[in-house]
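Reading through the structure tokens given below for one structure.
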Amino acid sequence: MEKLRVLVIEIAYSRNHTKLSPLQRSLIPVLSFASSLYRLALSLRHYLYHLGIFRKHRLPVPVISVGNLTWGGNGKTPMVEFIARWLVDSGISPLILTRGYAGGDEARMLGRHLLGGPAKIGVGANRAAVAAAYFEKYGYVDPRSSTSYQRLRLNKVESHLNSEKVGAVILDDGMQHWSLHHDLEVVMVNGLVLWGCCHLLPLGPLREPLTALKRADVAVIHHADMVSEQGLKDAELMIREVKESLPIFYTRMTPLNFFEVSNINSKLPLGALCNAIILCVSAIGSANAFVNAIEKIGASFVDRLNFSDHHIFQARDVDLIRRRLEELEDKFGSKPVVVVTEKDYDRDAEILKGLYPFKVLVLCSALQFLSQKGCTEKGFKKLLEESLRVKLRGPN
């Protein structure tokens, strides 16, 4: 099944099917038929919402959706964390709603990063029900209340949270979650692969047609540091063709440090792996960006083992990794080091410990905005602030 997933993903992101293997080309008619059925189901779902048969729930607090049009690797989780931290700094206690897909690695990672703060994380497929449970437990700040304006006044350094009440909701992977009303739609775009062959699932990577960008309030091109200037121009052009006025920002993942799988409290500098033999192991949506970051730290040699996004490691995977490590050790005469991402660690830290005596390190990274064409982190925060001001009817 894992091999089939890899083959399908390669088809989805290939812009020239003639370069695919004979096996992959034989799958195209089947995938094309399935894609047509998906389009029909998507259209029916849209129509049912339009008729009001499927209802949208409006939460009593502003909802910021962070989503995308394709499979993973778009930087949604780091953006969710960034917005959550900004809300906390602005005096607003956020509730993050996530579905907890494939073991809940993203929810656990967010929980570690935001531990000790007022941000709350609700996990469940029925996000309206999860939100209702949190509102009942902690309460919420009524945006129409005059006292709320004082507590939620933005851009005040002296602002302090004095309540556990929820002041805003962040919807993780929320673009296709139509059952909740969104007040702000942030769409993440993987700059390395964009929208692949531009077909709907499963022939292509698109969850919705590109015309869905019309619903977006802001687009963020992720991994922009790894994209050529022409590549960024092409991405911008495709976005502008759908919605000319859409603000576009640019981000990257900045490596910070490592910690050992066996000791989460350890902290190693990036230079600790300079001249080392490294095996990158990952089950994330954009493995190329992860490997590229490791290559830049000055390792002597970097090898890789990629698994499909959210893959849950099994004992056979550990055996496969161990065999590759032994091959590298025989080739270079020194023990290689395994490096994984935080999502891989949070999916199942215990199974990674089974690679002992080989050392396993976790790369910690953070979202960083790039100053590009006048679009900056400050500008992005200002856009969020103005959008929330409209929702909260706050002062100008």
Hey, does [Y] have a side-chain heavy atom less than 4.5 Å from the side chain of [X]?
| X | Y | result |
| --- | --- | --- |
| Y345 | R112 | yes |
| L268 | F259 | no |
| P60 | F135 | yes |
| I11 | S14 | no |
| V302 | C280 | yes |
| L171 | L180 | yes |
| F249 | E377 | no |
| E164 | P118 | no |

Distance to the ring centre below 6.0 angstrom and angle to the axis at most 45 degrees; does that hold for K120 and Y138?
yes
May I ask you to establish whether K343 and F290 are in a cation-pi arrangement, using a distance under 6.0 Å from NZ or CZ to the six-membered ring centre and at most 45° from the ring axis?
no
Distance check, rounded to the nearest 0.5 Å: [X] atom [atom1] versus [Y] atom [atom2]?
| X | Y | atom1 | atom2 | answer |
| --- | --- | --- | --- | --- |
| E106 | D173 | CD | CG | 7.5 Å |
| I221 | L194 | CD1 | CG | 7.5 Å |
| L206 | R39 | CG | CZ | 9.0 Å |
| D303 | E327 | CG | CD | 8.5 Å |
| I351 | D344 | CD1 | CG | 12.0 Å |
| S282 | L305 | OG | CG | 9.0 Å |

Under 4.5 Å between side-chain heavy atoms, counting indirect links through other Ile/Leu/Val/Met/Phe/Trp/Tyr residues: same cluster for [X] and [Y] or not?
| X | Y | value |
| --- | --- | --- |
| L203 | L7 | no |
| L42 | L44 | yes |
| V339 | L279 | no |
| V8 | V193 | yes |
| L192 | I239 | yes |

Name all residues meeting the side chain to side chain contact (heavy atoms under 4.5 Å, CB included) criterion together with E136; count only those two or more places apart in sequence or in a different chain, and write none if there are none.
none
Could you work out, with side chain to side chain contact (heavy atoms under 4.5 Å, CB included) as the rule, every residue matching R215, not counting sequence neighbours?
H46, M175, W178, E208, A212
Closer than 3.5 angstrom, by distance alone: can the side chain of [X] be matched with the main-chain N or O of [Y] as a donor-acceptor pair?
| X | Y | result |
| --- | --- | --- |
| R15 | C198 | no |
| R324 | R304 | yes |
| S35 | P202 | no |
| S32 | P29 | no |
| Q24 | S21 | yes |
| N257 | P269 | no |

Should the heavy atoms of other residues, nucleotides or ligands under 6.0 Å from [atom1] of [X] be counted, would the total exceed 12?
| X | atom1 | result |
| --- | --- | --- |
| K335 | NZ | yes |
| K373 | NZ | yes |
| F301 | CZ | yes |
| K381 | NZ | yes |

Quick one: do E236 and K233 satisfy salt bridge (charged side-chain N to carboxylate O under 4.0 Å, His left out)? Show the steps, please.
CA-CA 5 Å; E236 293 161 9; K233 287 181 179 178; over 6 Å; no
Taking side chain to side chain contact (heavy atoms under 4.5 Å, CB included) as the criterion, tell me which of [options] meets it with [X].
| X | options | answer |
| --- | --- | --- |
| V169 | V130, L87, L97, D183 | L97 |
| L367 | T251, I83, V220 | T251 |
| V66 | V187, L184, T77, I170 | I170 |

Can you confirm if the aromatic rings of Y140 and Y134 lie within a centre distance of less than 6.0 Å?
no
Can F369 and Y250 be said to form a ring-ring contact (aromatic ring centres under 6.0 Å, His included), step by step?
CA-CA 6 Å; F369 278 80; Y250 310 84; 9.6 Å; no
Of the options Q176, H222, K76, which is the one that meets N68 in a side-chain hydrogen bond (donor to acceptor under 3.5 Å, both in side chains)?
K76
Sorted by chain and residue number, the salt bridge (charged side-chain N to carboxylate O under 4.0 Å, His left out) partners of E260 (sequence neighbours excluded) come out as none
For D172, enumerate each residue passing the salt bridge (charged side-chain N to carboxylate O under 4.0 Å, His left out) test, keeping only those at least two apart in sequence or located in another chain.
none
Evaluation steps, side-chain contact (heavy atoms from CB on, under 4.5 Å), between L325 and E329
CA-CA 6 Å; L325 288 168; E329 186 175 13; over 6 Å; no
Residues 237-255 vs salt bridge (charged side-chain N to carboxylate O under 4.0 Å, His left out), sequence neighbours excluded, gives D225-R252
If you link ILVMFWY side chains whenever their heavy atoms are less than 4.5 Å apart, which other residues fall into the same cluster as F33? By chain and number, please.
L37
Fit a plane to each ring of H311 and F307, take the angle between them on a 0 to 90° scale, and name the class: parallel (under 30°), tilted (30 to 60°) or perpendicular (over 60°).
parallel
Carefully, step by step, assess H310 and S308 under the rule side-chain hydrogen bond (donor to acceptor under 3.5 Å, both in side chains).
CA-CA 6 Å; H310 295 292; S308 61; over 6 Å; no
What one should report as the nearest heavy-atom pair of S93 and K165 is CB-O, 3.3 Å
Shortest non-hydrogen contact between I248 and C375, atoms and distance:
O-SG, 3.0 Å
Apply side-chain contact (heavy atoms from CB on, under 4.5 Å) to residues L4 and V6 and explain how you reach the verdict.
CA-CA 5 Å; L4 179 60; V6 172; over 6 Å; no
Run the numbers on I321 and L355 for side-chain contact (heavy atoms from CB on, under 4.5 Å), then give the verdict.
CA-CA 8 Å; I321 297 168; L355 290 169; 3.8 Å; yes
Under 3.5 Å side-chain donor-acceptor pair for H113 and E342
yes
Give the intermediate values and the outcome of side-chain contact (heavy atoms from CB on, under 4.5 Å) for residues V80 and I64.
CA-CA 9 Å; V80 166; I64 302 172; over 6 Å; no
